[in-house]
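In what follows, every chain begins at residue 1, and chains take the letters A, B, ... in the order their sequences are listed.
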Protein chains: 2
Amino acid sequence: MNPNLEIMDKTLKRMATMHRMQTAGLELFYANGYYATSVDDILNKLSLSKGAFYYHFESKEDFFVQIIQNLLSRKVYSCLIEPIEGFSNPLQSINSCFEEALETAVHNEMDFGCVLNNFLTEFRGRNEVIMKHLNEILSIWEVNLVSTLQKGKFNGHIDRHVDCEAAATYLMSSYFGIRTLMVGAAPSARKYRFMSQLKMYLKTLEPKKVAV
Amino acid sequence: MNPNLEIMDKTLKRMATMHRMQTAGLELFYANGYYATSVDDILNKLSLSKGAFYYHFESKEDFFVQIIQNLLSRKVYSCLIEPIEGFSNPLQSINSCFEEALETAVHNEMDFGCVLNNFLTEFRGRNEVIMKHLNEILSIWEVNLVSTLQKGKFNGHIDRHVDCEAAATYLMSSYFGIRTLMVGAAPSARKYRFMSQLKMYLKTLEPKKVAV
DNA sequence: ACATAAACCGACCAAGTGGTCGGTTTTCAT
DNA sequence: ATGAAAACCGACCACTTGGTCGGTTTATGT
């Protein structure tokens, strides 16, 4: 038998169960917080036992780190990075990316920018290991945003005097912040207001027409 | 004896102890989170006993609500509202208010905007009673920001086409967000970048010079 | 000095927590 | 069919949590 297939077979069920646990885990961790969610909560939801959990994962922390690597980081990439990079006008793609991300937030679906924001504040100063992984995702987002903005400079969509690092910081800030505000009252109205001002800000990044 | 003085006397020691507990409580709740801080943690810090705690407070939740009302709401008012309202040019006072608030954050001191942000994300969907109190503070901040901006319109410091509610939302968002980012790496650099872009945004609110 | 009430103590409780472990069931190549 | 490994079970453990309560200390008005 093909050794690769053998490995696949061996790991197939394992992978499936682990994936179920991770998906359910992320949902509950997002809804109730990491510390407020017990391993039993997750297991009850899946009708699994403690034995199954600790057969697959070393600890609750190890479990969460794997969730970050397998689910969160990929989702952040596909929701916040991919939709922005590779288009000619970064100002446009940033605008529609934020628009779309906030729209899922209005419908109370899981918005992975919000997930990242929540976990960043929950683990800060409490768990260095997990913070390291979260900061890594944050850093990837930041680097991509900066390089996309710089590419926009090169393509003439962004004024050459713009400080791209600063713009990236400001964009990330406003995005994280609006997620905090939106989960409260009137998310739809707040989204609309936010987007209108975001457009104003993005306009300041456009090339100034030089009076020749 | 003066009955008022009597009441004062009676409540003096009570107030002092309660205040000590609340101050220590806020510190620990801010540093470690509400759910991750036990009542015993607070009592150990003060060398007090369970009995003392439950003599003064009904429950951990009641304790926290009183912290919000007695400490947090006042501090938010004095740090984020008072420095903004009552000055002629709101764009200037907002700028220097944020500048100052972020400066305390750089020095790792307690910044009450950050406190509010952290608690908002910690209790969201987990404790309605506490959320109600936090949202109240948030709402007060928002209302004051909006009315200050509108006053600025009236005084000619802000363009009359500006949507003040939207601007307030955007300002609050960016502020909450930068607090999330700053507690991570390079807070000082991030503060500087943030402030530079905030100035850009505030400029978009200035009155457009009409070409007559 | 004494009585009374406010302030405080700390052993205790039930309910949960993350994690362990000896054992049972499933799966599957031979 | 069978044997062995992988997957899963659930009772159990040590520990922590918020909260209770009978009792002791401290302050105060008379």
Ring pair (Phe, Tyr, Trp, His ring centres under 6.0 Å) against [X], all qualifying residues, sequence neighbours excluded:
| X | answer |
| --- | --- |
| Phe53(A) | Phe57(A), Phe63(A) |
| Phe64(A) | Phe29(A), Tyr34(A), Phe119(A), Phe123(A) |
| Phe194(B) | Tyr170(A) |
| Phe98(B) | Tyr175(B) |

Please list, by residue number, the residues of residues 39-50 of chain A whose heavy atoms come closer than 4.0 Å to an atom of DNA chain C; answer none if no residue qualifies.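 Those residues whose heavy atoms fall under 4.0 Å from DNA chain C, taken from residues 39-50 of chain A in numerical order, are Val39(A), Lys50(A).
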Heavy atoms within less than 4.0 Å of DNA chain D: which residues of residues 24-31 of chain A have one? Give them sorted by number. none
Any residue in residues 53-61 of chain B with a heavy atom nearer than 4.0 angstrom to DNA chain D? Just list them by number, or reply none. Tyr54(B), Ser59(B), Lys60(B)
Contacts of Asn70(B) that satisfy side chain to side chain contact (heavy atoms under 4.5 Å, CB included) - sequence neighbours left out: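 Result, side chain to side chain contact (heavy atoms under 4.5 Å, CB included) vs Asn70(B): Gln22(B), Gln66(B), Arg74(B).
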Test side chain to side chain contact (heavy atoms under 4.5 Å, CB included) applied to Asn95(A) - qualifying residues, sequence neighbours left out: Met195(A), Leu198(A), Lys199(A), Leu202(A)
By salt bridge (charged side-chain N to carboxylate O under 4.0 Å, His left out), which residues pair with [X], not counting sequence neighbours?
| X | answer |
| --- | --- |
| Glu99(A) | Lys191(A) |
| Lys50(B) | Asp40(B) |
| Glu27(A) | Lys45(A) |

Assess, by modelled atom type and distance only, whether the side chains of Thr121(A) and Asn117(B) contain a donor and an acceptor separated by less than 3.5 Å. no
Please report the distance, rounded to the nearest Å, between OH in Tyr35(A) and C1' in dG18(D). 19 Å
To the nearest angstrom, how far is Phe63(B) atom CZ from dT17(D) atom P? 15 Å
Side-chain N or O of Thr17(A) less than 4.0 angstrom from OP1 or OP2 on dA7(D)? no
